Amino acid sequence: MTLNLLEKITLGISGLTAIGIGGMITFTPHVFYASYGITLGENPSLLSELRAPAAGLTTLGILMLLGIWRSAWAHLAVAATLVVFLAFPTGRFIGLAVDGMPSFGIIAALILEIAIAVLSLFAFRNRLFPSATKP
């Protein structure tokens, strides 16, 4: 699969964002969550439950970046980008509805995630909806 420049830029933004967030949570969860005003404490079970999906997010970010340079990985990279950056805002919206308003930092993260989701849908629209783009 050959990617155009916008698709490569989108995978780059998505990949770097996922690696940055996932890596921070995996290796420095206290620092990351403190930036949101959340104090984690030292519960090993809680920290493990945070680190495990964060390592997955980091791995998906690496996959997104690999898709830029390895055409055989491009389909997986696009799928990873869409799954991550459509699921995160969805989960946050559920949290808003069920739990109420979170901190400003969480809302800022939601806005970033929506922006990347919109960029991804726009960049990959011809791949997602091929019949809609044909005359």
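All figures in this text were calculated on a predicted structure; none of them were measured in a lab. Side chains are part of it too, since the values below use all heavy atoms of this structure and drop only hydrogens, waters and symmetry mates.
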If you look at every heavy atom in [X] and [Y], which pair is closest and at what distance?
| X | Y | result |
| --- | --- | --- |
| Gly61 | Ala18 | CA-CB, 3.7 Å |
| Thr26 | Ala55 | OG1-N, 3.2 Å |
| Thr2 | Glu7 | O-OE1, 4.1 Å |
| Phe85 | Ala117 | O-CB, 3.0 Å |
| Gly67 | Ala77 | CA-CB, 3.6 Å |
| Met64 | Ala80 | CE-O, 3.7 Å |

Counting N and O atoms only, with roles assigned by atom type, does the side chain of [X] sit under 3.5 Å from a partner on the main chain of [Y], one being a donor and the other an acceptor?
| X | Y | result |
| --- | --- | --- |
| Arg125 | Phe122 | yes |
| Thr58 | Gly23 | yes |
| His30 | Gly41 | yes |
| Ser103 | Gly37 | no |
| Ser48 | Pro44 | no |

Discussion item. Against Leu119, only a single residue in Ile114, Ile13, Ile9 fulfils side-chain contact (heavy atoms from CB on, under 4.5 Å); can you say which?
Written reply: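 Of the listed residues Ile114, Ile13, Ile9, the side-chain contact (heavy atoms from CB on, under 4.5 Å) partner of Leu119 is Ile13.
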Roughly how far apart are [X] [atom1] and [Y] [atom2], rounded to 0.5 Å?
| X | Y | atom1 | atom2 | value |
| --- | --- | --- | --- | --- |
| Phe32 | Ile25 | CZ | CD1 | 4.0 Å |
| Asn4 | Asn126 | CG | CG | 8.0 Å |
| Leu65 | Leu60 | CG | CG | 11.5 Å |
| Leu76 | Met1 | CG | CE | 9.5 Å |
| Leu40 | Leu50 | CG | CG | 6.0 Å |

Discussion item. Run the side chain to side chain contact (heavy atoms under 4.5 Å, CB included) test on Phe124 and Leu11 for me, step by step, so that the C-alpha distance in whole Å, both residues' side-chain angles and the decisive distance to 0.1 Å come before the verdict.
Written reply: CA-CA 10 Å; Phe124 304 123; Leu11 288 177; 3.9 Å; yes
In terms of hydrophobic clustering (I, L, V, M, F, W, Y; side-chain heavy atoms under 4.5 Å; direct or indirect links), are [X] and [Y] co-clustered?
| X | Y | result |
| --- | --- | --- |
| Val78 | Val83 | no |
| Ile111 | Leu86 | no |
| Leu82 | Leu110 | no |
| Ile38 | Phe27 | no |
| Leu96 | Ile106 | no |

Worksheet entry | side chain to side chain contact (heavy atoms under 4.5 Å, CB included) between Leu3 and Arg127, intermediate numbers included | CA-CA 10 Å; Leu3 299 171; Arg127 297 181 192 286; 4.1 Å; yes
Worksheet item: Thr59 and Leu63: side chain to side chain contact (heavy atoms under 4.5 Å, CB included), yes or no, with the steps?
Response: CA-CA 6 Å; Thr59 303; Leu63 175 62; 5.9 Å; no
